[in-house]
Amino acid sequence: MLSRRASSGMMVDINWMTGGKQGSGIDSALGLFARLMMKFGYNVFGYREYFSNIKGMHSFFTVRVSDKNISSIPSTVDIAVFFDKESVLGETNKRGEPIQDGHMKDVKPGGTLIVDTSVDRTKIGRNDINVVQVDFDRIIGAAATKLKLPSNNVSIAKNIICVAVSAFMMGFKLEDIDAAIKKEFAKKPVTVIDMDIAVADEAFGYITESGLKPVMKLESRAGSDLLYMEGFTAAAIGKAIAGCKMQVYYPITPATDESAFIESHPEFGMRVVQPESELAVIAMATGAAHAGFRVSTSTSGPGLSLMTETITYAGMCEIPVVVVDHQRGAPATGQPTRTEQGDLMFAVHQGHGDFGRMVVAPGSIEEYIEVVANAFNYAERYQLPVIVLGEKSVAQASSSMPRDYVQKFKSDYRVDRGKLSPTGGDTYKRFEFTEDNISPRVVMGGPGGVEWITGDEHDEYGHIDEDPNNRNRMMEKRNSKYDLIISELKKEEKYSITGDPKKADLLVVSWGGPCGAISEAVSGRKNIAFLRVKVIMPLDPDIAKIISSAKNSVCVEQNISGQLRQHIAATSGVLIRNQILKYNGRLMRYDEVSAALDEILKGKNKVVLNGY
Amino acid sequence: MAISIKELTSNEDSDWCPGCGDFGILLSVKNAMIAAQLDPHKTVIVSGIGCSSKLPHFINANGVHTLHGRAIPFAEGIKLANPELSVIVDSGDGDTYGIGAGHFVSAGRRNVDVKMFIHDNGVYSLTKGQASPTLPEGRKAKSMPTPNINGALNPLAIALMAGYTFVARTESYNVKEQTEIMAKALKHKGLALVDILQGCPTYNAAYTSANWFAQHTHKLPETFDGKVKNPKDTKEVNEKRMNALGVLLGETPDSMATGVFFDWENSDTFEERFMSRGIKPPSSQSIAGKDNASTIQLDAALDSISVKD
């Protein structure tokens with residue numbers, strides 16, 4: 001039995017899991033449990049794995065609870081709770097092939113598995129774990145009787161039993177759980193509160209009667225003012241801070257959450273438009289950006305593919321449009337609900353022809369705010385499209401974040417609109433040749449001048465021009481902004497380093513989602529340095545120098561072809577020696593990254609991760 | 001502020017073929033801008049790709065020459081960002097009814113206050129004369145190897161059913177009628193389609209010459225009624241739609257009416273829908289305060305994700 005006492009100064013680091021059929025109510029257990037733990041003063045990191053399906057398929061949720069700062073989850077958990085048999089034992093399809101092989105294997109030795117009384121204990125095996133059986137149907141039945149409702153109508157609230165029993169088993173006081181859960185319910189629509197309270201009351205009664213004993217001794221502690229922050233919410237908040245006033249989107253998993261969050265906050269003053277296609281989305285956004293306003297869209301790989309031609313137009317006409325790509329499993333429809341970093345090379349090369357663009361990548365939920373907000377400044381300062389490469393492993397991860405962090409970021413942020421003025425005057429030239437290749441921009445409709453743009457090659461006025469000398473100068477103008485960008489951006493905006501790359505035995509290089517797992521995997525290992533890249537395009541030449549100076553290097557990526565590694569090699573000639581890759585669609589866990597790093601240190605060149 | 005044709009004429013030379021219907025359209029657009037008293041600084045002409053889509057370069061107003069098929073969403077984006085701008089889509093039939101057909105139909109669901117002047121000559125001229133979506137089946141334009149195997153669609157009927165609030169047809173060599181109809185469209189509040197039968201003397205002379213139009217088009221009869229008097233009366237709106245559809249269904253490719261088929265000015269533009277929800281346009285919101293600090297109020301959003309009781 002685990003025994004961890006929070007108050008004795010021992011580190012708290014508990015992992016919890018639940019799961020079940022989608023649409024069975026289990027989907028909301030993650031948020032409820034995570035928020036409960038935050039109310040008790042702990043940090044959380046949560047993640048959801050689910051199928052591209054509305055009802056019936058298996059989804060599961062992992063929440064890590066800790067008193068330190070955390071940024072990922074491990075492969076196994078301390079406590080797991082499931083009200084359906086399939087989640088525990090696994091399930092197969094009609095052809096007898098496994099759909100999922102059951103979560104009984106995911107509980108650590110010495111851990112606790114809470115299951116329904118109908119599950120045959122002998123089928124679980126696992127004599128190294130503690131199995132607790134709870135009569136879910138009895139609790140639901142009792143609540144249903146009180147509510148005078150059929151049991152079927154109430155079973156949607158089984159997730160509350162999962163959360164209440166788990167918190168009790170972890171050692172929290174029943175009255176604290178009761179109070180905290182009911183405060184959470186108070187935020188819900190009135191129609192569901194009665195049922196939730198009835199089920200919670202029955203669950204608490206059942207726990208008391210059944211003589212269950214906690215397996216841990218966690219205690220409620222004083223906490224700071226925490227936000228339950230999901231990656232997509234962070235992206236939305238980054239846009240709000242930047243002054244984005246229009247969000248155009250087409251529904252796509254896993255990006256839609258961001259637009260829905262924005263639309264549910266009219267105080268942001270963002271016009272949310274859902275037109276007929278991604279073709280329309282990017283054209284609307286680019287039109288509005290050209291008119292002189294901060295505007296954005298949010299999509300995933302298939303949507304970004306459809307937007308391609310207009311992104312080349314934004315490049316050709318030097319229009320500051322910000323596109324957030326929450327990457328998912330690709331190509332084609334790929335794995336809509338799973339994670340991948342398969343769009344880097346696409347974003348870097350997207351479209352026909354050469355034009356200036358930026359590609360940036362947040363590596364954590366915090367960075368989603370920062371990188372997205374900065375993207376608007378980059379777009380307007382350098383007058384080009386900016387692609388933000390997010391990914392499902394961050395967009396749909398959740399974590400506790402101090403409210404102060406967001407407020408401080410906002411108060412430190414400065415809106416930089418570059419060379420934008422209200423009017424250009426009668427002799428205004430939209431594409432005037434200048435020393436730094438950035439022409440003055442105006443808000444369309446101002447007095448004193450008009451402007452033209454065209455996707456054809458154009459002269460300084462924006463009229464079609466096929467003169468070869470003009471062509472050379474315009475091509476050079478659009479493609480020569482990179483030195484300026486690299487020289488103006490602060491180092492910490494472009495990349496960050498922990499450890500000493502020259503002295504370390506191994507330099508880990510990565511970008512985006514895997515950074516959370518890597519930073520935990522290398523924490524405390526002085527022989528490993530870590531370089532995380534945030535600005536992918538243009539790539540700071542110092543990055544290649546740092547890699548060259550390292551004794552040994554490995555690139556960790558959530559794709560099959562090592563796209564950052566290719567990009568660094570293509571732009572600098574420097575090839576990162578080794579690779580750790582994962583492309584099964586599932587989030588990188590810090591323990592599997594740590595084990596893979598050991599193998600690289602032992603001399604292996606390539607490790608492919610396959611953790612679920 | 002009265003403006004003149006001269007002031008509306010840019011320094012760019014047009015490169016259309018001699019006798020092209022686009023010249024008549026260009027003149028009519030300028031006439032209509034004057035008649036509707038548009039301020040060129042606050043006017044944006046958005047086009048797609050093709051001969052017709054070069055038109056914005058020849059007018060001294062803001063010009064946004066976009067991609068093939070995308071003029072409509074570019075225009076909608078501009079109008080939603082800054083409703084003070086008068087936004088005109090001036091594009092071709094292939095652009096609007098072919099590659100951009102999805103946008104053409106969906107625009108009707110939003111009733112964004114944008115006016116579309118569509119050059120409809122039945123061919124893709126800039127790529128040397130292939131059939132456009134309005135070329136009737138069996139008709140063979142000059143450079144086509146064989147007669148058209150696709151059928152034609154009816155843009156006016158589609159617009160009527162999609163939700164356009166102003167639907168009209170005119171003809172490129174008839175500058176007087178075009179000017180009148182375009183000016184009406186510009187003054188109309190809401191989404192307007194003006195389909196302009198356009199002469200292409202190079203690739204479709206047989207069916208789009210001034211002479212052919214004179215013989216094969218006629219004005220809508222005086223008795224025709226397509227104007228909605230009570231904008232809230234759904235029954236009347238549909239009666240007027242039926243009147244317009246009745247005329248269109250009775251036409252053949254060799255006999256078409258010009259004039260305003262449908263005119264329903266109502267207060268349900270996309271702009272008004274946003275304003276009724278309290279979401280102001282980007283153009284009337286400031287985003288930076290003192291020292292360029294962000295002015296957004298985050299409290300409500302942060303409260304919604306806070307775990308504090």
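Below, all heavy atoms of this structure are taken into account, side chains as well, without hydrogens, waters or symmetry copies. Letters A, B, ... mirror the listed sequences (proteins, then strands); counts begin at 1. Only a predicted model underlies this, so the values are computations on that prediction, with no experimental measurement involved.
Residue B:N11: no heavy atom, backbone or side chain, is found under 4.5 Å from chain A. Only the backbone of B:K280 comes within less than 4.5 Å of a heavy atom in chain A; its side chain stays farther off. Heavy-atom distances place no part of A:E230 under 4.5 Å from chain B, backbone and side chain included. Residue contact with chain A, scored on non-hydrogen atoms closer than 4.5 Å, involves the backbone of B:I59 exclusively. Neither the backbone nor the side chain of B:E84 has a heavy atom closer than 4.5 Å to any heavy atom of chain A. Looking at A:H463, both its backbone and its side chain come within 4.5 Å of chain B, counting heavy atoms on both sides. Heavy atoms of B:V46 lying under 4.5 Å from chain A are absent altogether. Contacts of A:F293 with chain B are made by side-chain atoms alone, with heavy-atom separations under 4.5 Å and no backbone atom involved. At a 4.5 Å heavy-atom cutoff, A:H458 makes no contact with chain B through either its backbone or its side chain. Only the side chain of B:K54 has a heavy atom closer than 4.5 Å to any heavy atom of chain A. Within the 4.5 angstrom heavy-atom criterion, only backbone atoms of B:A61 (N, CA, C, O) approach chain A. Interface remark: B:L85 contributes side-chain atoms only to the contact with chain A (heavy atom separation under 4.5 Å). At a 4.5 Å heavy-atom cutoff, A:R430 makes no contact with chain B through either its backbone or its side chain. With a 4.5 angstrom heavy-atom cutoff, A:F268 touches chain B via backbone and side-chain atoms both. Neither the backbone nor the side chain of A:M316 comes within contact range of chain B; no heavy atoms are under 4.5 Å apart. Of the two parts of B:S10, only the side chain, counted from C-beta on, holds a non-hydrogen atom closer than 4.5 Å to a non-hydrogen atom of chain A. For B:D15, no part lies under 4.5 angstrom from a heavy atom of chain A. Of the two parts of A:V272, only the backbone, made up of N, CA, C and O, holds a non-hydrogen atom closer than 4.5 Å to a non-hydrogen atom of chain B. Using a 4.5 Å cut-off between heavy atoms, A:D456 touches chain B through its side chain atoms alone.
For B:L302 against A:L227, the heavy-atom pair with the smallest separation is O-CD2, 3.4 Å. Between A:F261 and B:I305, the closest heavy-atom pair is CE1-CG2, 4.2 Å. Scanning all heavy atoms of the two residues, the minimum distance from A:V273 to B:F274 falls at CG2-CZ, 4.0 Å. Counting all heavy atoms, side chain and backbone alike, A:A242 lies closest to B:I287 at O-CD1, 3.9 Å. Counting all heavy atoms, side chain and backbone alike, B:I279 lies closest to A:P266 at CD1-CB, 3.7 Å. Smallest separation of non-hydrogen atoms from B:P282 and A:R271: CD-CD, 4.1 Å.
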**Request:** Dump the intermediate steps for side chain to side chain contact (heavy atoms under 4.5 Å, CB included) on B:L298 and A:Q407, then the final yes or no.
**Result:** CA-CA 8 Å; B:L298 285 179; A:Q407 273 159 343; 5.9 Å; no

**Prompt:** Would B:H103 and A:S277 count as a side chain to side chain contact (heavy atoms under 4.5 Å, CB included) if you check the C-alpha gap in whole Å, the side-chain angles of each, and the deciding distance to 0.1 Å?
**Reply:** CA-CA 8 Å; B:H103 309 312; A:S277 65; 3.8 Å; yes

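Counting non-hydrogen atoms of other residues, nucleotides and ligands closer than 6.0 Å to CZ of B:R277 gives a total of 12 or fewer.
With respect to chain A, the highest number of heavy-atom pairs below 4.5 Å among B:K308, B:E12, B:E76, B:K79 belongs to B:E12. The greatest number of non-hydrogen atom pairs below 4.5 Å with chain A, out of B:Q297, B:R110, B:K42, is found for B:R110. Contact count against chain B (heavy-atom pairs under 4.5 Å) is highest for A:A283 among A:S264, A:A283, A:A288, A:G243. Between chain B and the residues A:I464, A:T310, A:V406, A:T286, the largest count of heavy-atom pairs under 4.5 Å involves A:I464. The greatest number of non-hydrogen atom pairs below 4.5 Å with chain A, out of B:N82, B:T66, B:V105, is found for B:T66. Between chain A and the options B:G278, B:G289, B:S283, the largest number of non-hydrogen pairs under 4.5 Å is found for B:S283. Interface summary for chain A: among B:L67, B:I78, B:D291, the most heavy-atom pairs under 4.5 angstrom belong to B:L67. Counting heavy-atom pairs closer than 4.5 Å to chain B, the top-ranked of the candidates A:A34, A:A285, A:S411, A:A280 is A:A280.
Put simply, the side chain of A:K245 reaches to within 4.5 Å of the side chain of B:Q285, judged on heavy atoms.
Between B:D303 and A:R403 there is a salt bridge, since at least one side-chain N of the basic residue sits less than 4.0 Å from a carboxylate O of the acidic one.
Although no hydrogens or angles enter the test, the distance criterion places no donor-acceptor pair under 3.5 Å between the side chain of B:R70 and the main chain of A:I282. No side-chain donor-acceptor contact under 3.5 Å links A:W452 to the backbone of B:N62.
Each of A:L36, A:L226, A:D225, A:V44 was evaluated against B:V307; a single residue qualifies, A:L226, per the side-chain contact (heavy atoms from CB on, under 4.5 Å) test.
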